[in-house]
Amino acid sequence: MVKGLFVERDVISDQEEADLIHFFDNPSPFPDWKISQSGRRKQDFGPKRNFKKKKVKPADFPHMPKVFEPLFCKVSKEVSQCTASIPYSIAEVSVLEYTSENMSNFDPHIDDTWLWGDRIAGVNLLEDCVMTFVDSNGNVVDAFLPRRCLFLMSSDCRSIWMHGIRPENIKGRRVSITMRELSDEIKQDLAVAAPLLEAARSFV
Ligand SMILES: O=C(O)CCC(=O)C(=O)O
Ligand SMILES: [Fe+2]
């Protein structure tokens with residue numbers, strides 16, 4: 001199937017899911033939902049980056065919301081356990097909202113590899129979903145993501161397969177939380193990496 005894809009059920013409890021959704025719908029002092037592409041809305045937490053210029057630095061308000069603290073703990077532990085106990089330090093979080101009403105979707109893509117590391121972790125909230133993986137030979141694999149699961153894309157799943165979400169696989173309202181680590185290239189540049197990781201560990 002897709003090497004490097006892990007799905008773990010019920011990593012998030014009903015209460016944690018409710019707390020996270022409540023926060024995203026009332027994020028003050030963090031910014032509210034923003035309209036994004038393909039019928040999605042988004043909220044981003046993490047560094048300021050310019051992918052074209054390959055520049056990255058902490059955001060002006062670099063903290064992470066307090067509601068992420070237990071989530072980071074759990075996700076870091078699970079991801080590390082799946083990948084030879086290599087520590088997983090979350091540097092960035094992107095939250096996406098998909099609705100059937102807006103026919104939200106995500107075209108197949110590979111996440112940036114200059115800034116983000118081998119492991120991309122996701123949490124699936126409010127609805128079950130199907131993520132579609134496509135490789136360059138035209139192979140297509142649909143992966144079922146149950147509500148409140150944690151999924152991890154690493155190795156081939158991260159770098160060879162593209163991932164996307166078809167509009168017909170969105171029922172009602174789905175919210176995803178994607179958590180990314182820094183790439184090895186960025187991690188090696190301590191002057192750049194240290195302030196970013198420090199910021200991602202400061203919860204307010
Ligand atoms: O919604 C998801 O779970 C995936 C989001 C995604 O692929 C991305 O933000 O790069
Ligand atoms: Fe992605």
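Ligands are counted one by one from 1 in listed order, and the atoms in each one are counted from 1 as well. Numbers for residues simply follow the sequence, beginning at 1. The figures here come from the full heavy-atom set of this structure, side chains too, leaving out hydrogens, waters and symmetry mates.
What sits closest to atom 6 (C) of ligand 1 on the protein, heavy atoms only, is Phe106 CE1, 3.6 Å. Remark: minimum distance from atom 7 (O) of ligand 1 to any protein heavy atom is reached at His163 NE2, 2.9 Å. Protein heavy atom at the shortest distance from atom 3 (O) of ligand 1 is Arg174 NH2, 2.9 Å. The protein atom (non-hydrogen) at minimum distance from atom 8 (C) of ligand 1 is Arg180 NH2, 3.3 Å. Nearest protein heavy-atom neighbour of atom 4 (C) of ligand 1: Met131 CE, 3.6 Å. The protein heavy-atom contact nearest to atom 1 (O) of ligand 1 is Tyr98 OH, 2.5 Å.
Restricting Asp111 to its N/O/S atoms, the shortest distance to the Fe ion (ligand 2) is reached by OD1.
Note that NZ of Lys42 and OG1 of Thr178 are 12.0 Å apart. Values are rounded to the nearest 0.5 Å. Taken from CG in Leu196 to NZ in Lys57, the straight-line distance is 11.5 Å, to the nearest 0.5 Å.
Every atom of ligand 1 with a heavy atom of Asp111 under 4.0 Å away is listed here by number and element: 10 (O). Residue-ligand proximity, Ser176 to ligand 1, at heavy-atom distances under 4.0 Å covers atoms 1 (O), 2 (C), 3 (O). Atoms of ligand 1 found under 4.0 Å from any heavy atom of Leu96, numbered from 1 in the order shown, are 5 (C), 9 (O).
With a 4.0 Å heavy-atom cut-off, ligand 1 is reached by no atom of Met162. If you look at Phe151 next to ligand 1, the close heavy atoms, those under 4.0 Å, all belong to the side chain. Counting heavy atoms closer than 4.0 Å to ligand 1, residue Ile165 contributes side-chain atoms (C-beta onward) but none from N, CA, C or O.
One side chain, Asp142 or Thr132, offers a donor N or O that lies under 3.5 Å from an acceptor on the other.
The backbone N or O of Gly172 sits less than 3.5 Å from a side-chain atom of Ser100, completing a donor-acceptor pair.
Judged by the 6.0 Å and 45° rule, Arg40 forms a cation-pi pair with Phe106.
One finds no salt bridge joining Arg173 and Glu101 here, because no Lys/Arg side-chain nitrogen approaches an Asp/Glu carboxylate oxygen to under 4.0 Å. For the pair Arg180 and Glu92, the salt-bridge criterion is met [side-chain N within less than 4.0 Å of a carboxylate O]. Salt bridge Arg158/Asp111: absent, no basic N to carboxylate O contact under 4.0 Å.
In this structure, the ring of Phe68 has its center less than 6.0 angstrom from the ring center of Phe45.
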